[in-house]
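Here is how names work: the chains are called A, B, and so on, in the same order as the sequence lines, proteins then strands, and each is numbered from 1.
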Amino acid sequence: MPKLQTVRGTHDIMGDKARTFRFIQQTFQQVAMRFGHQEISTPIFEFTEVFKRTLGETSDVVSKEMYSFEDRGGESLTLRPEYTAGIARAFISNGLQQSLPCKFFGYGPMFRYERPQKGRMRQFHQIDLEILGVPEPQADIEVLAIAVTLLTELDLMDDITLELNSLGDRESRDAYRDALVVYFTAHKDKLSKDSLARLEKNPMRILDSKDEGDRVLVADAPRISDYYNDATKVFFDEVRAGLDALGISYTINERLVRGLDYYSHTAFEFITKKLGAQGTVLAGGRYDALIEMMGGPATAGIGWAGGMERLAELISPDLVPEEIRPIAIIPIGADCQIEALKLAQSLRASGFTVDMSYRGNMGKRMKRANKAKAVAAILIGEDELKRGLVTVKNFDEGSQTEVALDQITDHLSHYR
RNA sequence: GCGGGUGUAGCUCAGUUGGUUAGAGCGCCAGAUUGUGAUUCUGGAAGUCGCCGGUUCAAUCCCGGUCACUCGCCCCA
């Protein structure tokens with residue numbers, strides 16, 4: 001038997017954390033559905049190719065972070081490191097081009113083999129939202145509006161800012177990328193060694209560097225907005241006009257880059273300063289090339305993913321609904337056990353939350369009920385049963401009354 | 001993958017300048033109270049001092065390694 005602890009970078013989710021997660025999920029679900037999105041749940045693992053082809057061989061996620069393994073049939077499978085590739089695959093597998101546009105939402109665990117830190121684990125949970133088949137900027141606006149609505153309902157917008165950029169269409173992006181390579185190659189000797197590697201793999205990442213020397217270079221680097229073609233400009237202007245119309249504030253960050261290969265046009269991150277190095281709480285962008293890259297029909301797409309652990313860190317505990325307080329049923333003496341059982345069952349059928357302890361004398365059971373934060377206890381003893389009633393004790397007030405068994409549901413109705 | 005910090009009871013932490021049975025608060029269990037919780041009082045259980053090795057007459061303490069957590073880098077939600 002190995003050590004009895006969770007695998008590095010994984011956690012048990014229980015208690016307050018489970019409640020917070022549920023709250024995030026439910027709020028997200030409601031918001032997404034209000035915008036007309038439908039739930040989709042894709043498998044937790046896919047053929048390795050699904051991620052390899054879409055994320056780009058050079059991305060860190062593919063090159064060093066995937067949990068890949070061979071199953072007994074010799075297939076290479078991978079625990080999903082993100083949601084979008086799976087959704088794109090589902091879109092193709094199910095022939096959903098017949099029913100465009102597709103507006104999806106989903107949530108669940110993701111897996112990346114990384115060095116754990118606060119807000120970064122090997123199994124973590126994301127909420128995810130996508131719109132497929134809408135090349136118009138309206139989709140960008142809607143997707144951002146959903147994110148803002150969610151974060152507002154989670155009461156988080158005071159701590160979070162939206163940073164926005166356009167990576168341009170392919171033509172603009174390629175032109176800019178080339179200009180960057182020329183510029184940074186000319187200053188190769190001054191680049192940090194991390195950035196030297198980025199120059200080969202993903203030059204735009206240099207813009208994001210935290211190295212001071214790099215930052216000096218970046219300050220004079222070509223600006224992406226100078227390389228936008230007309231189509232890109234028009235598209236980005238429409239997105240911004242939509243956000244302005246909705247009163248959504250944002251800051252343009254021309255150095256905001258996305259890590260994964262398939263992005264174009266709109267890219268965005270919702271960022272907080274409260275989480276240290278892992279400040280990105282929700283992020284996404286447009287990926288019009290993705291589905292075609294996977295071998296499907298050319299289909300536009302845009303979406304985002306939010307980190308539940310990171311959101312949970314930020315949410316005020318006061319906002320998270322308390323667990324429903326149960327009504328405790330306490331039989332007094334073995335003879336009343338069956339009656340208590342029947343009463344519990346019928347109250348549950350009527351929608352009450354009912355807790356019944358398994359052993360102990362009355363004092364023990366009262367203690368247990370109190371610890372379970374029961375609103376009230378129903379005491380069933382032989383005396384009461386003979387008279388066809390039970391004793392109901394209110395834990396908050398300490399008061400108690402006798403209630404006829406056939407009126408118990410009415411009497412308790414405000415606890416439902 | 002790289003660098004720094006931390007690791008003592010379920011939790012939060014004290015402590016031992018290397019020396020007999022390692023402590024507190026909270027929590028847990030039991031009793032005071034076998035038809036009444038939350039309050040109070042009394043008692044109890046719970047630790048290979050993260051793990052492995054080294055130095056030493058002796059290591060929870062010093063040294064090395066390792067694992068986990070944590071902060072930063074890389075990267076990302």
In whole angstrom, what separates R122(A)'s CZ from A77(B)'s C1'?
-> 17 Å

Under-4.0 Å salt bridge between R19(A) and D16(A) | yes

Report the nucleotide, chosen from G35(B), G3(B), C69(B), that has the shortest atom-to-atom distance to any side-chain atom of E384(A).
-> G35(B)

How many Å lie between CD on E65(A) and P on C75(B), as a whole number?
-> 10 Å

Classify the angle between the aromatic ring planes of F28(A) and W304(A) as parallel (below 30°), tilted (30 to 60°) or perpendicular (above 60°).
-> tilted

May I ask you to say what E313(A) touches in the nucleic acid, namely base, sugar-phosphate or nothing, with a heavy-atom cut-off under 4.0 Å?
-> nothing

Protein-nucleotide distance (F51(A), atom CZ; C75(B), atom P), rounded to Å = 22 Å

Give a yes or no on whether a salt bridge exists between R80(A) and D128(A), defined as a side-chain N under 4.0 angstrom from a carboxylate O.
-> no

Sticking with atom P, work out how far C52(B) lies from U48(B), rounded to a whole angstrom.
-> 11 Å

Pick base, sugar-phosphate or nothing for D383(A), based on heavy-atom distances below 4.0 Å to the nucleic acid.
-> base

Atom CZ of R368(A) and atom C1' of G27(B) are separated, to the nearest Å, by 16 Å

Taking the same atom, P, in C61(B) and in G19(B), what whole-Å distance lies between them?
-> 11 Å

When the P atoms of A58(B) and G53(B) are considered, how many whole Å apart are they?
-> 15 Å

Where the side chain of A305(A) is defined as all heavy atoms beyond and including C-beta, which of A77(B), C75(B), C71(B) is the nearest nucleotide?
-> A77(B)

Side-chain atoms of K371(A) come closest, of C73(B), A77(B), C28(B), to C28(B)

Could you say whether G119(A) or D211(A) is positioned toward the 5' end of RNA chain B, judged by the nucleotide with the nearest heavy atom to each?
-> D211(A)

Taking atom P in both U8(B) and G3(B), compute the distance separating them and give it to the nearest angstrom.
-> 25 Å

Check every strand shown and say whether L379(A) touches a base, only sugar-phosphate, or nothing at a heavy-atom separation below 4.0 Å.
-> base

Could you pick out which residue, N394(A) or T280(A), lies toward the 5' side of RNA chain B when each is mapped onto its nearest nucleotide?
-> N394(A)

SB check D355(A) R368(A) (cutoff 4.0 Å) | yes

Which nucleotide in the list U36(B), G1(B), C69(B) gets nearest to the side chain of M362(A)?
-> U36(B)

Are E339(A) and K342(A) close enough for a salt bridge, meaning some N to O gap below 4.0 Å?
-> yes

Could you measure between the two P atoms, the one in G47(B) and the one in A24(B), and give it in whole Å?
-> 15 Å

More than 12 heavy atoms from other groups under 6.0 Å of CD on E292(A) = no

Given atom CG of L275(A) and atom P of A77(B), what is their separation to the nearest angstrom?
-> 15 Å

By the Watson-Crick or G-U definition, both distances under 3.5 Å, U40(B) is matched with A32(B)

Quick one: label R8(A) by what it contacts on the DNA or RNA (base, sugar-phosphate, nothing), any heavy atom closer than 4.0 Å.
-> sugar-phosphate

Give the rounded distance in Å between these two atoms: CZ of R115(A) and C1' of G5(B).
-> 12 Å

Scan K364(A) against the nucleic acid and name what it touches under 4.0 Å (heavy atoms): base, sugar-phosphate only, or nothing.
-> sugar-phosphate

C69(B) -> Watson-Crick or G-U wobble partner, both distances under 3.5 Å, gives G5(B)

Base, sugar-phosphate, or nothing for R365(A), non-hydrogen atoms under 4.0 angstrom?
-> nothing

C1' spacing across the pair C49(B) / U16(B), given as an integer number of angstrom | 11 Å

Base C74(B) to side chain R120(A), donor-acceptor N/O within 3.5 Å cut-off | yes

Provide the Watson-Crick or G-U wobble partner of U60(B), both distances under 3.5 Å; none if there is no partner.
-> none

For the pair R22(A) and E323(A), find out whether any cationic side-chain nitrogen is under 4.0 Å from an anionic carboxylate oxygen.
-> yes

Under 4.0 Å between any heavy atoms, over every strand shown, what does A283(A) touch: base, sugar-phosphate, or nothing? Just pick one.
-> sugar-phosphate

Return the nucleotide paired to C11(B): Watson-Crick means purine N1 to pyrimidine N3 with N6-O4 or O6-N4, wobble means G-U with N1-O2 and O6-N3, both under 3.5 Å.
-> G25(B)

F23(A) atom CZ: more than 12 heavy-atom contacts under 6.0 Å | yes

Using a cut-off of less than 4.0 Å, is there contact between a side-chain N or O of R198(A) and OP1 or OP2 of C75(B)?
-> yes

Would you say the side chain of K118(A) and the base of U70(B) hold a donor-acceptor pair, judged only by whether the two atoms sit under 3.5 Å apart?
-> no

Does CZ belonging to R348(A) count more than 12 external heavy atoms closer than 6.0 Å?
-> yes

Touch class at under 4.0 angstrom, heavy-atom based, for K367(A) against every strand present = sugar-phosphate

Could you tell me the separation between the CD atom of Q278(A) and the P atom of C71(B), rounded to a whole number of Å?
-> 8 Å

Would you please determine if the base of G37(B) is stacked by F395(A), with stacking meaning a centroid separation under 5.5 angstrom and planes under 30 degrees?
-> no

Where do A179(A) and P222(A) come nearest, in terms of heavy atoms and distance?
-> O-CG, 4.0 Å

Looking at the side chain of Q117(A), which of G1(B), U36(B), C74(B) is the nearest nucleotide?
-> C74(B)

Taking the same atom, C1', in U66(B) and in C28(B), what whole-Å distance lies between them?
-> 33 Å

Nearest heavy-atom pair of L389(A) and A404(A): which atoms, and what distance?
-> CB-CA, 3.8 Å

Check every strand shown and say whether G9(A) touches a base, only sugar-phosphate, or nothing at a heavy-atom separation below 4.0 Å.
-> sugar-phosphate

Quick one: which of C2(B), C74(B), C69(B) gets closest to the side chain of D194(A)?
-> C74(B)

Between atom CE in M14(A) and atom C1' in G10(B), what is the gap in whole Å?
-> 11 Å

Between C51(B) and U17(B), how far apart are the C1' atoms? Round to whole Å, please.
-> 26 Å

Proximity of Y415(A) and F352(A) rings by center, below 6.0 Å | no

Output the residues of residues 321-342 of chain A in contact with RNA chain B, where contact means a heavy atom of the residue under 4.0 Å from an atom of the strand; sort by number or write none.
-> I332(A)

Looking at K210(A), does any N or O in its side chain come under 4.0 Å of the phosphate oxygens OP1/OP2 on C73(B)?
-> yes

Between G72(B), U34(B), A38(B), spot the one nearest the side chain of N361(A), thanks.
-> U34(B)

Using a cut-off of 4.0 Å on non-hydrogen atoms, how would the nucleic acid contact of G284(A) be classed: base, sugar-phosphate, or nothing?
-> nothing

